[in-house]
Amino acid sequence: MKTVLITGASSGIGRATAMLLAKSGYNLILTGRRKEALDELKSQLLSNTKINIQILAFDVRYNEEVEKALAQIENKQIDVLINNAGLAKGFSEIHEGSLSHWEQMIDTNIKGLLYVSRIVTGWMVNQRSGQVINICSVAGKQPYPNGNVYCATKHAVDALTHTMRIDLHKYNIRVGQVSPGHVEETEFSLVRFDGDVDKSKIYEDYQPLKSSDVAEIIAFMIERPSHVNIQDIDVFGSQQASATIINRSGR
Ligand code: NDP
Ligand code: 8X3
């Protein structure tokens, strides 16, 4: 069975993807900064399945940490890399943005994705097979008010998906991305608003996607036959028509 490495598996889309792939018998390498959350997820998954699960707790923003953590993967064989770790911090006009928010988003969403990808795609090139799935966003396609730096980081992910595809297709490596609109059952909004529960309630008056909806799309991409590469899937909840146009008339 394939081995899948998921970054940011401690909550939200990454966690939902781990739960779904575990049910199908994939072996998993689950990463994130919060070791306790990853350990708890591992115990939960192992109570129902007989897969192999390795937990690697590290911060994708620091290349030394990434190198040290990934060096613990014994056979250097990853079939699927899901670059999911990411976040938005803040929601301000450009002149009022916080430098530390900007740095955290750039370091996580762009540089972290690059640090992990450089190592894992190197292994995939050696084995002449593999698949990379990046979690982009509607923010990577449509700039929206107060989204400035988060949108810029996701536009970078979009560019990287396309350029990684160009670089890696000749080594039998598939590369694609999922670009969702709003997704609930995640900590995304709470993280964006620095733990402010009231501000984070942006989904109450309509039904957005659920983390499990995105997980199902990721599983679909993995399960296509090897001659099929899904490049990008744009997906929204039915009540969301664009980054800013949402039918908030109730669920
Ligand atoms: P969550 O906040 O629930 O999950 C984010 C994950 O990223 C967590 O597991 C977190 O783990 C991990 N992460 C964040 N920073 C780091 C870091 N420096 N090093 C390692 N891991 C890190 O939100 P989502 O599930 O929504 O987010 C997953 C991805 O989906 C992100 O890339 C996000 O941009 C994207 N996305 C989200 C949408 C939404 O509406 N929710 C819509 C479109 C895209 P830990 O804190 O343990 O490090
Ligand atoms: C998360 C979706 O619209 O908040 O990437 O940017 S959005």
Side-chain angles (χ1 to χ4, degrees), residues 5-19 30-41 55-63 65-66 69-70 82-91 101 103-116 133-158 160-161 177-195 199-200 202-203 206 208-215 217-218 232-237 240-246:
L5 189 157
I6 306 173
T7 67
S10 52
S11 64
I13 294 168
R15 189 174 198 278
T17 304
M19 291 175 71
L30 304 178
T31 80
R33 289 166 301 178
R34 287 171 291 174
K35 186 169 184 314
E36 270 180 25
L38 294 168
D39 285 339
E40 182 257 297
L41 175 60
I55 298 297
L56 296 174
F58 62 94
D59 191 323
V60 295
R61 289 175 291 173
Y62 305 110
N63 189 44
E65 273 194 42
V66 174
L70 297 187
I82 303 175
N83 277 316
N84 165 76
L87 77 182
K89 286 301 265 182
F91 195 73
H101 283 166
E103 274 154 19
Q104 189 171 356
M105 289 188 278
I106 291 165
D107 289 353
T108 308
N109 301 356
I110 306 177
K111 291 164 75 177
L113 181 149
L114 286 170
Y115 296 152
V116 174
I133 299 175
N134 294 330
I135 308 306
C136 187
S137 167
V138 62
K141 313 291 182 69
Q142 301 176 16
Y144 57 80
N146 300 319
N148 42 64
V149 176
Y150 179 65
C151 291
T153 65
K154 289 298 181 176
H155 275 69
V157 172
D158 183 55
L160 284 168
T161 300
Q177 68 184 10
V178 188
S179 304
H182 289 171
V183 186
E184 68 175 0
E185 296 174 347
T186 69
E187 296 176 9
F188 180 84
S189 193
L190 198 60
V191 169
R192 171 169 239 170
F193 294 109
D194 276 333
K199 277 193 187 164
S200 76
I202 62 169
Y203 313 124
Y206 78 104
L209 295 167
K210 295 174 181 294
S211 55
S212 54
D213 297 321
V214 181
I217 289 167
I218 293 168
D232 195 355
I233 294 188
D234 289 320
V235 58
F236 295 91
Q240 182 175 13
S242 78
T244 53
I245 302 171
I246 300 173

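Every number for a ligand or one of its atoms is a count from 1 in the order of the listing.
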Provide the number and element of each atom of ligand 1 under 4.0 Å from a heavy atom of [X].
X    : value
A9   : 9 (O)
T108 : 15 (N), 16 (C), 18 (N)
H182 : 40 (O)
C136 : 43 (C), 44 (C)
F58  : 19 (N), 20 (C)
G181 : 40 (O), 42 (C), 43 (C)

[X] near ligand 1, heavy-atom distance under 4.0 Å?
X    : result
P180 : yes
A57  : no
I135 : yes

May I ask you to list the atoms of ligand 2 that are less than 4.0 angstrom from any heavy atom of [X]?
X    : result
F188 : 1 (C), 4 (O), 5 (O)
V138 : 3 (O)
R192 : 4 (O)
Y150 : 1 (C), 5 (O), 6 (O)
S137 : 1 (C), 2 (C), 5 (O), 6 (O)
A139 : 6 (O)

For [atom], which of [options] has the closest heavy atom?
atom                    : options            : answer
atom 47 (O) of ligand 1 : S10, S189, G32     : S10
atom 15 (N) of ligand 1 : R61, R33, M105     : R33
atom 27 (O) of ligand 1 : G112, G8, G86, G12 : G86

Taking heavy atoms and a distance under 4.0 Å, where does [X] meet ligand 1: side chain, backbone, both or neither?
X    : result
S179 : neither
K154 : side chain
Y115 : neither

Which residue and heavy atom of the protein sit nearest [atom], plus the separation:
atom                    : value
atom 29 (C) of ligand 1 : N84 O, 3.1 Å
atom 24 (P) of ligand 1 : T186 CB, 3.8 Å
atom 40 (O) of ligand 1 : V183 N, 2.8 Å

Aromatic ring proximity, centroids under 6.0 angstrom, Y150 and F188:
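So the answer is yes for these two rings.
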
